[in-house]
Amino acid sequence: MLHIENLTAELPSATTRRPVLRQVDLRVGTGEVVGLVGESGSGKSTTAKTILRMLPDGTRVRGAVRLEGQDILDMDGPRLRELRSRRVAMIHQDPRAALNPVRTIGDFLTERMVHTLGHSSRQAERQALALLTAVGITHPEQRLRQYPHELSGGMLQRVVIASALAAEPELLLADEATSALDVTTQAEILAILREHQRRRDLGLLFITHDLHLASAYCDRVYVMYAGQVVEQAPAHTLFSSPRHPYTAALLGCTPKLGDHTPVRPIPGRPPSLGDVFTGCPFAARCPAAEPACETWQPVHTRTAEGGSAACRLLERHPAESLPTTSPQEVHP
């Protein structure tokens with residue numbers, strides 16, 4: 001369904017010294033849940049925004065972003081509006097930022113249906129009620145008349161999901177859609193997303209900081225660092241047998257229930273757009289790095305598990321997996 005190939009994006013800023021995305025390859029199949037993980041600033045949200053062509057004016061974008069074979073980067077205005085209104089929907093991290101505080105929930109849900117999908121006001125209201133019921137909101141008639149400040153964060157997230165599902169899109173982009181919710185509400189929201197994803201055979205790109213959630217929820221996972229995909233694999237093998245030192249380091253500094261091992265953060269700091277790399281971007285923070293890594297240009301090596309990783313040491317030790325303990329214990 002979605003095929004991103006060799007995607008590079010450069011922001012129009014004098015302080016930016018490297019691309020915000022560099023040679024990103026990513027795919028999402030019909031009915032598939034694909035995770036995208038990495039530290040803040042790694043390029044996850046930018047990747048999702050590129051799919052909808054929502055980057056700042058003047059951004060230079062190269063490569064291809066294809067949906068069902070159609071390159072989104074080449075679409076004109078009418079086709080791009082049709083893509084955004086019907087084919088691809090996005091769920092943002094903060095639902096309050098997506099809602100107008102002086103408009104009712106009913107206005108938010110029905111306005112798009114009337115002006116974009118061509119529904120009558122009565123038809124749009126009926127569908128809005130059905131959608132609110134489908135995402136687990138009680139008393140939907142009352143909710144339509146309420147304003148965003150009258151609903152809890154969990155209910156607002158359900159409203160945003162209902163809006164995203166209104167046009168029955170082919171692809172759903174969920175950008176940290178559950179990170180601001182408590183654990184119980186998060187589980188309910190994930191169950192709703194999974195139910196509708198399976199019922200409608202949606203492709204779902206699931207962006208999250210929670211590696212264990214990605215492991216349990218996704219079919220495949222991509223790991224991003226400094227605007228690049230450094231590893232991708234089926235979820236169950238990625239987290240049990242990481243092949244890139246960055247993936248292993250992320251797992252090593254992630255708390256585990258019942259595990260009293262001290263959590264050790266990845267040494268150094270995440271890269272900024274002002275940093276320039278002559279070789280592997282993770283070399284400065286990687287405990288397994290060698291001098292040659294500072295000039296080695298990342299190239300993905302296929303793994304026996306059906307994934308790939310962009311690590312120079314993997315070329316020399318293709319059969320070895322990296323431990324999921326702590327960054328100090330990572331070995332090539």
Side-chain angles (χ1 to χ4, degrees), residues 1-12 19-34 36 43-93 95 97-100 107-121 123-124 127-128 131 159-177 193 196-197 199-207 222 224 227 229:
M1 174 184 291
L2 175 69
H3 188 188
I4 297 176
E5 185 176 9
N6 201 27
L7 178 64
T8 298
E10 298 175 352
L11 295 178
V20 64
L21 298 177
R22 181 181 177 188
Q23 297 178 337
V24 173
D25 289 335
L26 183 149
R27 61 182 175 84
V28 180
T30 300
E32 187 179 31
V33 180
V34 173
L36 190 57
K44 306 184 301 298
S45 296
T46 303
T47 300
K49 291 177 180 178
T50 305
I51 297 171
L52 288 172
R53 295 254 301 268
M54 294 172 60
L55 297 181
D57 292 340
T59 302
R60 296 176 56 190
V61 181
R62 302 187 299 276
V65 181
R66 298 187 178 90
L67 182 67
E68 298 290 357
Q70 300 178 7
D71 196 340
I72 296 172
L73 301 182
D74 290 336
M75 287 184 174
D76 56 17
R79 289 195 299 161
L80 184 59
R81 285 192 293 272
E82 193 267 344
L83 173 93
R84 292 171 174 174
S85 62
R86 295 177 180 270
R87 304 184 64 189
V88 182
M90 189 166 181
I91 303 171
H92 296 276
Q93 178 176 358
L99 296 166
N100 189 329
D107 289 338
F108 172 71
L109 289 174
T110 60
E111 185 175 44
R112 177 187 181 190
M113 299 181 199
V114 172
H115 295 289
T116 303
L117 304 180
H119 296 346
S120 66
S121 297
Q123 183 182 7
Q127 185 169 351
L131 285 168
V159 170
V160 172
I161 291 173
S163 176
L165 296 173
E168 299 187 358
E170 304 165 35
L171 176 66
L172 195 58
L173 311 175
D175 187 5
E176 298 284 359
L193 280 175
H196 286 275
Q197 181 264 332
R199 182 189 303 170
R200 305 183 185 202
D201 210 23
L202 294 174
L204 174 58
L205 182 62
F206 188 75
I207 299 173
Y222 290 79
M224 293 196 76
V229 173

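For this chain, numbers begin at 1 and follow the sequence in order.
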Decide whether Asp201 and Thr30 meet the rule of one side-chain donor and one side-chain acceptor closer than 3.5 Å.
no

Minimum heavy-atom distance between Ala98 and Phe108, given as atom pair plus value
O-CE1, 3.6 Å

Distance-only, no hydrogens or angles: does the Asp25 side chain make a donor-acceptor pair with backbone N or O of Asn6 under 3.5 Å?
yes

Looking at every non-hydrogen atom in both residues, tell me the closest pair between Gly63 and Leu73 and how far apart they are.
O-CD1, 3.6 Å

Could you tell me whether a side-chain N or O of Ser120 sits under 3.5 Å from a main-chain N or O of Gln123, the two making a donor and an acceptor?
yes

Which atoms form the tightest heavy-atom contact between Ala174 and Leu204, and what is the distance?
CB-CD1, 4.1 Å

Is the shortest side-chain heavy-atom distance between Leu2 and Arg27 below 4.5 Å?
no

Spacing of OG belonging to Ser85 relative to NE2 belonging to His115, to within rounding of 0.5 Å:
13.5 Å

Of all heavy-atom pairs between Ala164 and Ala89, which one has the smallest distance, and what is that distance?
O-CB, 3.4 Å

Flag side-chain contact, heavy atom, 4.5 Å: Met1 against Leu67:
yes

With side chains defined as the heavy atoms from C-beta onward, is the minimum distance between Pro95 and Val159 less than 4.5 Å?
no

Do the non-hydrogen side-chain atoms of Thr59 and Thr50 ever get within less than 4.5 Å of each other?
no

Interatomic distance, Ile207 atom CD1 to Met224 atom CE [nearest 0.5 angstrom]
9.0 Å

Okay, side chain of Asp76, backbone of Arg79: is any donor-acceptor separation there less than 3.5 Å?
yes

Taken to the nearest 0.5 Å, the spacing of Leu80 CG from Met54 CE works out to 10.5 Å

Check this for me: does any side-chain nitrogen of one of Arg86 and Glu170 sit under 4.0 Å from a carboxylate oxygen of the other?
no

Leu109 side chain reached by Leu131 side chain, heavy atoms, under 4.5 Å:
no

Keeping Gln197 on the side-chain end and Val33 on the backbone end, is there a donor-acceptor pair under 3.5 Å?
no

Residue pair Thr110 / Ser121, side-chain heavy-atom distance below 4.5 Å:
no

Side chains of Met90 and Leu172: closer than 4.5 Å at any heavy-atom pair?
no

One should read off an interatomic distance between His92 NE2 and Leu99 CG, to the nearest 0.5 angstrom, of 10.5 Å

Kindly determine whether Arg53 and Met75 satisfy side chain to side chain contact (heavy atoms under 4.5 Å, CB included), including the steps that lead there.
CA-CA 10 Å; Arg53 295 254 301 268; Met75 287 184 174; 4.1 Å; yes

Taking side chain to side chain donor-acceptor pair (under 3.5 Å) as the definition, give me every residue that meets it alongside Arg66, ordered by chain and number, with sequence neighbours left out.
Glu5

Separation between CD1 of Ile72 and CZ of Arg87, rounded to the nearest 0.5 Å:
7.5 Å

Can you name the one residue among Val20, Thr8, Leu55 that meets side chain to side chain contact (heavy atoms under 4.5 Å, CB included) with Val61?
Leu55

Does the pair Leu165 and Arg200 meet the rule for a side chain to side chain contact (heavy atoms under 4.5 Å, CB included), with working shown?
CA-CA 10 Å; Leu165 296 173; Arg200 305 183 185 202; 3.7 Å; yes

Is any side-chain heavy atom of Leu205 closer than 4.5 Å to a side-chain heavy atom of Leu26?
yes

Quick check against the 3.5 Å criterion: does Arg22 have a side-chain atom that pairs as donor or acceptor with the backbone of Glu10?
no

For Arg60 and Pro19, indicate whether the former's side chain and the latter's backbone hold a donor-acceptor pair under 3.5 Å.
no

Considering all heavy atoms, the nearest Leu117-Ala166 contact:
CD1-O, 4.1 Å

Hydrogens and angles aside, do Gln23 and Arg62 bring a side-chain donor and acceptor to less than 3.5 Å of each other?
no

Closest heavy-atom pair and its distance - Leu83, Ile51:
CD2-O, 3.9 Å

To the nearest 0.5 Å, tell me how far Phe206 CZ sits from Leu173 CG.
12.5 Å

For Thr116 and Met113, indicate whether the former's side chain and the latter's backbone hold a donor-acceptor pair under 3.5 Å.
no

